[in-house]
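Numbering starts at 1 and runs along the sequence shown.
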Amino acid sequence: MTGGHPPARGGRIELHAHTHFSDGTLSPAELVTLAAERGLTALAITDHDSVEGVPHAFAAADALRTVRTGEDATLPEVVAGIEISSTLEGNDLHVLGYFLDWRSEVLGARLERFREERRARARQILQRLASLGVPVEEEEVFAAAGPGVVGRPHIANALLRAGHVPTIDVAFQRYLGTRGSAFVPRPAFPSGEAVRVIREAGGAAVLAHPAAITTRLVEQLAEAGLAGIEVWHPQHGMATQRRWYEVARTLGLVPSGGSDFHGPHRGVGLGEMPVPERALADLRARAKAA
Ligand SMILES: [Zn+2]
Ligand SMILES: [Zn+2]
């Protein structure tokens, strides 16, 4: 081990995984089963702006435990989590929460407000599209989002299906991107508030895949009560890993990470990022201390 190299080993825990309650392809039960097959010891359910998949994952883990009594099988500990889409000084930052009380009323009310703001924004975009002569059905867009948060990808798909654009990319270029003619900015969920809401729900907040943002923003969030930084993430090359590992050490934050799993055959496999198992224990301790 050379100096400054993040001492990552493992692939026994998965701290960043999405279910079909956001944009993942698997159900919580399928995700838990896959984690068990892979011999993972922990699986955090971190859907975008939703904790709806969490109780399903707990139930699935319980069912698996009952079935496997007496067998020498590893069963994953399910960790209640979330990934909140937030904004800080014009940067879109994702804030992960771990060990939070998914029944928390503070959390539930804030997420519901966010969902309603997102629905209002989607309706505004649809009005603009109609006035531009490229209407799409509101019901179709909202049905496609299902229990998840409605967003521009759902509208892009509807534009494609209606034959208004040849590709999703064109839908964003012409209409939905920041320079598109139907663009409406996303409602703001300030990153500092995301950190506070996660803490109020008894959780530990971790900045997801910070990539190339400035260290100053992370310092700001550390002051708001951030517990950790995602160091190991598929978007991070070695230099980025090293950078955030050092920042975590300097600021006294937990170096964490995960595969950002969205389904089989999409990116890195479940539990395949080399995240040290210690990250889980350290985040648990931070959640308790909050
Ligand atoms: Zn993310
Ligand atoms: Zn994610």
Side-chain angles (χ1 to χ4, degrees), residues 12-24 26-36 38 40-66 74-86 94-115 147-149 189 193-209 225-230 254 256-262 270-271 273 275 277-290:
R12 299 275 295 155
I13 61 173
E14 177 56 80
L15 296 181
H16 193 155
H18 296 270
T19 76
H20 67 193
F21 281 90
S22 61
D23 54 351
L26 300 185
S27 70
E30 288 167 334
L31 201 56
V32 169
T33 303
L34 182 59
R38 301 218 159 170
L40 303 187
T41 55
L43 168 70
I45 306 293
T46 57
D47 278 311
H48 294 289
D49 312 306
S50 169
V51 287
E52 280 177 89
V54 170
H56 296 280
F58 279 129
D62 283 346
L64 218 53
R65 201 158 283 120
T66 311
T74 305
L75 289 175
E77 172 193 0
V78 171
V79 176
I82 195 167
E83 181 173 24
I84 298 179
S85 318
S86 72
H94 289 178
V95 182
L96 294 154
Y98 296 106
F99 298 106
L100 38 76
D101 174 11
W102 55 275
R103 294 186 184 91
S104 156
E105 281 176 27
V106 176
L107 179 70
R110 187 60 185 88
L111 291 176
E112 181 46 39
R113 197 178 104 206
F114 189 47
R115 267 194 289 274
V149 173
F189 194 146
E193 192 190 344
V195 170
R196 276 192 298 278
V197 168
I198 288 166
R199 294 186 76 200
E200 276 171 36
V206 171
L207 182 61
H209 45 77
L226 191 74
I229 305 176
E230 244 187 359
V254 177
S256 183
S259 75
D260 211 344
F261 188 75
H262 282 78
L270 191 72
M273 286 307 286
V275 179
E277 290 188 52
R278 198 193 146 160
L280 185 70
D282 289 348
L283 290 173
R284 195 193 311 270
R286 299 282 177 124
K288 278 190 180 147

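A cation-pi contact, defined as under 6.0 Å to the ring centre and within 45° of the axis, is absent between Arg286 and Tyr98.
Summarising the geometry, atom CD belonging to Glu52 is positioned 9.5 Å from atom CG belonging to Leu111; distances are rounded to the nearest 0.5 Å. With values rounded to the nearest 0.5 angstrom, Ile84 atom CD1 is found 12.0 Å from His48 atom NE2. Between atom NE2 of residue His94 and atom OG of residue Ser86 there is a gap of 7.5 Å, rounded to the nearest 0.5 Å. Separation of atoms NE2 (His56) and CG (Leu31) is listed at 13.0 Å; rounding is to 0.5 Å.
Nearest heavy atoms, Leu43 versus Ala17: CD1-CB, 4.1 Å. Pairing each heavy atom of Glu77 with each of Phe99, the nearest pair is OE2-CE2, 4.0 Å. For the residue pair Ala201 and Leu107, the shortest heavy atom distance occurs at CB-CB, 4.1 Å. Residues Ala36 and Leu75 approach most closely at CB-CD2, 4.2 Å, considering heavy atoms. Heavy atoms only, all atoms of each residue included: Leu96 and Ala208 are closest at CD1-CB, 3.7 Å. Residues Asp260 and Glu14 approach most closely at N-OE2, 4.3 Å, considering heavy atoms.
Arg196 has no carboxylate O lying under 4.0 Å from a charged side-chain N of Glu193, or vice versa, which leaves the two without a salt bridge.
Judged purely by atom type and a 3.5 angstrom limit, Arg38 uses its side chain to pair as donor or acceptor with the backbone of Leu270.
Screening Val206, Leu226, Val106, Val95 for a side-chain contact (heavy atoms from CB on, under 4.5 Å) involving Ile198 leaves a single residue, Val95. The only option from Asp49, Asp47, Thr46 that meets the side chain to side chain donor-acceptor pair (under 3.5 Å) definition with Ser22 turns out to be Asp47.
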Check the pair Phe261, Leu26 against side-chain contact (heavy atoms from CB on, under 4.5 Å), reporting the backbone distance first and the verdict last. CA-CA 10 Å; Phe261 188 75; Leu26 300 185; 4.0 Å; yes
Does the side-chain contact (heavy atoms from CB on, under 4.5 Å) test come out yes or no for Trp102 and Ile45, once each step is laid out? CA-CA 11 Å; Trp102 55 275; Ile45 306 293; over 6 Å; no
Show your reasoning for whether side-chain contact (heavy atoms from CB on, under 4.5 Å) applies to Arg115 and Ser50. CA-CA 9 Å; Arg115 267 194 289 274; Ser50 169; 4.3 Å; yes
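In this model, no donor atom of one side chain and acceptor atom of the other lie less than 3.5 Å apart for Glu200 and Ser104.
The aromatic rings of His16 and His209 lie parallel to each other, their planes meeting at an angle below 30°, with 60° marking the opposite boundary.
No more than 12 heavy-atom neighbours from other residues, nucleotides or ligands sit within 6.0 angstrom of CD on Glu105.
Residues His18 and His20 keep their aromatic ring centres 6.0 Å or farther apart.
The side-chain heavy atoms of Leu283 and Leu15, taken from C-beta on, include a pair separated by under 4.5 Å.
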